[in-house]
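Whatever order the structure lists ligands and atoms in, that order sets their numbers, starting from 1.
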Amino acid sequence: MRVKDKVVVLTGAASGIGRATAILFAKEGAILYISDIDEEGLKQTYDLIEDGKNKVSFTKLDVTNLADVKKAIDDIYEKHGRIDVLIANAGVVRVGQVEDFPEEDYDLLINVNLKGTFFTCKAAVPYFKKQRFGTIITLASVAAHIGQNNHANYCSTKAGVLGFTKALALDMAPYGVRVNSVSPGATDTPMLRSDVTKEAKQRGISFEEVRKEFEEQGVMGRWAEPEEIATGILFLATDDASYMTGADLRLDGGWTTR
Ligand SMILES: NC(=O)c1ccc[n+]([C@@H]2O[C@H](COP(=O)([O-])OP(=O)(O)OC[C@H]3O[C@@H](n4cnc5c(N)ncnc54)[C@H](O)[C@@H]3O)[C@@H](O)[C@H]2O)c1
């Protein structure tokens, strides 16, 4: 029970990595607040939680709405007088060549991946500074480290998350607050499957062919399961990572090692 009775706030918990993280943190005894813009998916995550369910609360939340994010974080702090762990996980992907990339897709990427991460941290940072402990975890990506075909705008948002995380780590260090990111490689979630489906359609090849390409990027030759990313997030949330700040934990099956 590595996060027993820690107050943990997690965004983007309706699916994929967020869902696996919610299930793991609940099992590890956290007082867990999960949110997502997708209320139905969020309810499904809640229903899937067995161990530790009595300490889990869920609420619909769009991370691009600062007033709503602030209210959610304010309410949690008011109730517990602390936030131990903040996990800014909500994210979206859109693929396409730059010349064809619709402006609305670009805005969505910026708004959710960058602004959403910023808003989630902006709402919680005053409390972290006041309490002078805690840890913040953001979701970057292999796409923050390397170029990926057809992903120019997604890559730019994730490189932005990485820069944001490192800079925030410097600002928060004097307050005893650690700030780190996780960079998953290809992880088998609805996001990756929709990404692969769109890419296959755009390139006129099959889902399996694109999947194979993704699998071959990592030296382990397979996609990660969302649970394998959740365990990395858990590590960063615990005192096991007590000397880690401003770092990025690459859970990419060796993708960026090539
Ligand atoms: N799956 C991968 O291969 C992979 C690789 C690297 C990084 N990531 C990152 O990991 C994180 C989780 O991705 P995933 O693969 O689990 O994706 P996913 O699509 O399965 O889950 C993302 C969740 O974010 C939610 N979300 C989207 N917009 C939101 C908003 N405005 N407000 C609140 N919630 C919102 C979605 O509803 C969804 O439940 C993302 O930040 C993603 O960029 C994923």
Please work out which of [options] has its closest non-hydrogen atom nearest to [atom].
atom: atom 29 (C) of ligand 1; options: I37, V93, T157, V69; value: I37
atom: atom 25 (C) of ligand 1; options: V196, D36, N65; value: D36
atom: atom 17 (O) of ligand 1; options: K115, M191, E39, E40; value: M191
atom: atom 40 (C) of ligand 1; options: L192, T64, V142, N89; value: N89
atom: atom 5 (C) of ligand 1; options: G185, S181, S15; value: G185
atom: atom 7 (C) of ligand 1; options: G91, A140, A224, A230; value: A140

So which heavy atom in the protein is nearest [atom], and how far is it from that ligand atom?
atom: atom 33 (C) of ligand 1; answer: L61 O, 3.2 Å
atom: atom 28 (N) of ligand 1; answer: V112 CG1, 3.6 Å
atom: atom 3 (O) of ligand 1; answer: T187 N, 2.8 Å
atom: atom 8 (N) of ligand 1; answer: Y154 OH, 3.7 Å
atom: atom 15 (O) of ligand 1; answer: T189 OG1, 2.6 Å

Please list, in number order, the atoms of ligand 1 under 4.0 Å from a heavy atom of [X].
X: L139; value: 10 (O), 11 (C), 41 (O)
X: G16; value: 16 (O), 20 (O)
X: A14; value: 39 (O)
X: V92; value: 27 (C), 28 (N)
X: P184; value: 5 (C), 6 (C), 7 (C)

Mind checking whether [X] has an N or O less than 3.5 Å away from an N or O of ligand 1?
X: A13; result: no
X: D62; result: yes
X: S141; result: no

Quick one: does [X] get a heavy atom under 4.0 Å from ligand 1?
X: K158; answer: yes
X: A186; answer: yes
X: G41; answer: no
X: T11; answer: no
X: W223; answer: no

Self-check item: Among T59, L10, T21, the one residue meeting side-chain contact (heavy atoms from CB on, under 4.5 Å) with I34
Solution: L10
For the residue pair [X] and [Y], establish whether any side-chain heavy-atom pair is separated by less than 4.5 Å.
X: E28; Y: K4; value: no
X: I136; Y: L168; value: yes
X: V161; Y: L139; value: no
X: T165; Y: D248; value: no
X: L251; Y: E228; value: no

State plainly whether the residues [X] and [Y] are in salt-bridge range, i.e. N to O under 4.0 Å.
X: R211; Y: E216; result: no
X: D84; Y: R82; result: yes
X: D239; Y: R2; result: no
X: D75; Y: K79; result: no

Given that the side chain starts at C-beta and the backbone is N, CA, C, O, which of these parts of [X] lies under 4.0 Å from ligand 1, counting heavy atoms, or is it both or neither?
X: V63; answer: both
X: F214; answer: neither
X: A90; answer: both
X: I17; answer: both

Quiz item: Which other residues belong to the hydrophobic cluster containing W255, where Ile, Leu, Val, Met, Phe, Trp and Tyr are joined when side-chain heavy atoms lie under 4.5 Å apart, directly or via other members?
Solution: V142, I146, L192, V196, I205, F207, V210, F214, W223
Practice problem: Check whether more than 12 heavy atoms from other residues, nucleotides or ligands sit under 6.0 Å from atom NZ of K27, and answer yes or no. | Solution: no
Quiz item: Checking N65 side chain against D68 main chain: does a donor-acceptor pair fall under 3.5 Å?
Solution: yes
Quiz item: Going by atom types only, do Y154 and N113 share a side-chain donor-acceptor pair under 3.5 Å?
Solution: no
Quiz item: Is there a donor-acceptor contact under 3.5 Å linking the side chains of R250 and T256?
Solution: yes
Quiz item: If you look at every heavy atom in V95 and Q202, which pair is closest and at what distance?
Solution: O-NE2, 3.5 Å
